[in-house]
Protein chains: 2
Amino acid sequence: MNKTIADIAKISGVSKSTVSRYLNGGSVSEATKRKIELSIKETGYTPNPFAQSLKAKKTYFIGTIVPRLDSYAASHSLIGIDEQLKELNFQLLISNTNQQIEREIETIYSLASQKVAGIILLATQITQVHLEAFEKVNIPILLVGQEHPDVHSLIHNDLEAGYAIGKYVLEKGHRKIAYLGVTEKDVAVGVRRKKGFKRAIAEAEGCEVRYFETGFNMFAAQQRVTEMLEGFQPTCIVCATDNIALGALRAAQLKGLSIPKDVSITGFGGYDVTEIIHPGLTTVKLFFKEAGKMAAQNIVKLVNEESVPKRTLSKYEIIERESVDTIIPNDL
Amino acid sequence: MNKTIADIAKISGVSKSTVSRYLNGGSVSEATKRKIELSIKETGYTPNPFAQSLKAKKTYFIGTIVPRLDSYAASHSLIGIDEQLKELNFQLLISNTNQQIEREIETIYSLASQKVAGIILLATQITQVHLEAFEKVNIPILLVGQEHPDVHSLIHNDLEAGYAIGKYVLEKGHRKIAYLGVTEKDVAVGVRRKKGFKRAIAEAEGCEVRYFETGFNMFAAQQRVTEMLEGFQPTCIVCATDNIALGALRAAQLKGLSIPKDVSITGFGGYDVTEIIHPGLTTVKLFFKEAGKMAAQNIVKLVNEESVPKRTLSKYEIIERESVDTIIPNDL
DNA sequence: ACAAAAAATGGAACCGGTTCCACTAAATGA
DNA sequence: TCATTTAGTGGAACCGGTTCCATTTTTTGT
């Protein structure tokens, strides 16, 4: 059924090595070139990639480990990675861990045994076990979304972005603010965004800011905000992700509050749905697809043993919509 | 660096064939088993999958072609496929075509040349060129979401689901209805859902139903509904997808209409965001993840040359939320 | 205790490519 | 024109597994 290089050789009346040379740009006379070209067209021959990889001892697979597939961040990062890898003639291999951190480790080893050329890890947290795995597999690794001094990484500028959204709500006159964050195990989202925000707050005066923690899930966030509103009525709720903001929005609306009149809400991420809901959500847009492209470029460079900065930063942008109101200070 | 089966053989003091037999469950004495086991543990040896596939002339890759990665339907189908394939010891290879239909064809050939064992196609439309490609590559193919008499397929029960949502809004008393559909090139969404809906309408009396067409994008839908509302004020808008419904919702809200008091809206899909928005969207839930699992089972059966029904149906369920009001007929 | 059957093992070929090396034919230079 | 490059080509080994076959070792039955 499927032709091999030997078949092509026989049909063209030359040797295997000549066909191989033709395929890989070695020196072949015009006449033989034409003969080989013809037989390849006729038979629809394509080289067996396993035989190629076996000999070459390298592959053009880049494994990407994602905690989940059904998130805006993951899918858009993947889109960017995929697009760029195609351009660089690499093939993306996606592995979903379903948010189970043990499966992240398993997957690293399993990708290694599949001989991927490099691994991109859309990370949530980096543990000692991760570092061990990185060490053992001895394959280029790129972290996306988290960073660690021992590993190459590409991160969103969470610190600055957190600072920016803090500045933004302060400028809008808010002084009584609730910050809805996540676990500090997640350094990027849980620590750095909050740290940036706090830095902005520290530069203002007379602020009453309370910090709350919730999960990444919007229903959990809705629940958390409902509870919170019992004891604390901020003029603004700053959320560490868009999903949390969506939950907060629903909690406030169900409580009969009008957004942004009664309470302002901001998100973090820039998911499409933040634009379509009513009111539109003011949020910090992160450029996941672009980050994915950069990640792909970096991992390929690492595979090719070119130099890559230990840490690459991806940009952000504040998108102003309707969910934040301007507060007129009392003393005016 | 990376050990081969020959290394293990040497370390254990046996031949390659014995090690291979140990690995694949041939007859090996207890004593040699232990020796080999030990050397494998020591070296951390894993067989080279390329050498294996080369000899075996088959792989454990299942290629899945998706039109886009950033859709609820695609990602949840993929989650199901991935989960089930892992269980069956197959590896998922995802290919994103970015909604370009030519790239679908290219991808079929490219997956074939990568020697995948089977292909799952999350299809939007099946053209003659598709059928040609299926024919040529000579690999088991499974269509998901669309069907064609020549190919195995797994579809959502769009016809019945369309009928069900039609019945549902009729029971709620609606008689002046707008149906927001998509191109008929998409047989499942564009034709079958509408057909089912029409069948329900045909069974009722005194209906004024108008049919509109839009794209899959929520912004396009928003635009379309805004225009529509100029000339037609239905009591209910039935949308062929949740995204369209989201667009309709926003269009109506921006027009100052209250949902569901002034106009009811239904969706199709059961995306998570339909639950979190306000008002919650009444919609037909499709079980993408479960469908994905079934798809994985079916393609593996096809790969193993077991028999599979030409057409498998996935289920649906109407989720009642707040976006549909009950109309009290005038003559009461 | 010995023949026959069963289990265990090693050697060699093979999967489908790539690459090194040797050799021939053509091109170049003096 | 003859020696010397250079381009073009085929043969054989190799990548790391699996499998067939022949041979040796062990087990079984009598």
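Just so you know, these numbers come straight off a predicted model, no measurement behind them. Chain A is the first sequence line, chain B the second, and so forth, proteins listed ahead of strands; every chain is numbered from 1.
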Atom pair distance, as rounded to whole Å: CG in A:Asn24 and P in C:dC20: 12 Å

Stepwise side-chain hydrogen bond (donor to acceptor under 3.5 Å, both in side chains) check, B:Thr59 with B:Ser53: CA-CA 6 Å; B:Thr59 70; B:Ser53 294; 5.8 Å; no

Interatomic distance where CG belongs to B:Leu54 and C1' belongs to C:dC14 [whole Å]: 9 Å

Presence of B:Asn48 side-chain N/O under 4.0 Å of D:dC15 phosphate oxygens OP1/OP2: no

Whole-Å gap separating P (D:dG16) and NZ (A:Lys115): 9 Å

NZ/NE/NH1/NH2 to OD/OE distance under 4.0 Å, A:Glu147 and A:Arg192: yes

Below 4.0 Å: OP1/OP2 of D:dT18 and any side-chain N or O of B:Gln52: yes

Side chain to side chain, A:Val151 and A:Ile126, heavy atoms closer than 4.5 Å: no

Per-nucleotide protein contact string for nucleotides 4-9 of chain C (B base, S sugar-phosphate only, - none; heavy atom under 4.0 Å): ----BB

Interatomic distance, A:Tyr22 OH vs D:dT9 P [rounded to whole Å]: 13 Å

A:Lys55 NZ to C:dT18 P, straight-line distance once rounded to whole Å: 10 Å

Options D:dG16, C:dC15, C:dG17, nucleotide nearest the side-chain atoms of B:Lys57: C:dC15

OP1 or OP2 of C:dG17 under 4.0 Å from side-chain N/O of A:Tyr45: yes

Criterion side-chain hydrogen bond (donor to acceptor under 3.5 Å, both in side chains) on B:Gln84 and B:Gln297, from CA distance to verdict: CA-CA 7 Å; B:Gln84 187 65 58; B:Gln297 287 165 3; 3.2 Å; yes

A:Glu30 and A:Lys33 ion-paired at < 4.0 Å: yes

Short side-chain N/O contact to C:dG16 OP1/OP2 from A:Thr4, under 4.0 Å: no

For atom NZ of B:Lys16 and atom C1' of D:dT19, their distance in whole Å: 11 Å

Rounded interatomic separation in angstrom, taking CD1 from B:Ile40 and P from D:dG17: 10 Å

Find every protein N or O atom lying less than 3.5 Å from an N or O atom of nucleotides 24-28 of chain D, and list the pairs.
none

Between B:Phe61 and A:Phe61, ring centroids under 6.0 Å: yes

Minimum-distance pair of heavy atoms, taken over all atoms of B:Val308 and B:Lys301: CG2-CB, 3.4 Å

Euclidean distance, atom CZ of residue B:Phe50 to atom C1' of C:dC14 [Å, nearest integer]: 20 Å

Cationic tip of B:Lys315 above B:Phe287 ring, under 6.0 Å, 45° of axis: yes

Nearest atoms (heavy-atom pairs only) where B:Gln114 meets B:Leu93: OE1-CD2, 3.7 Å

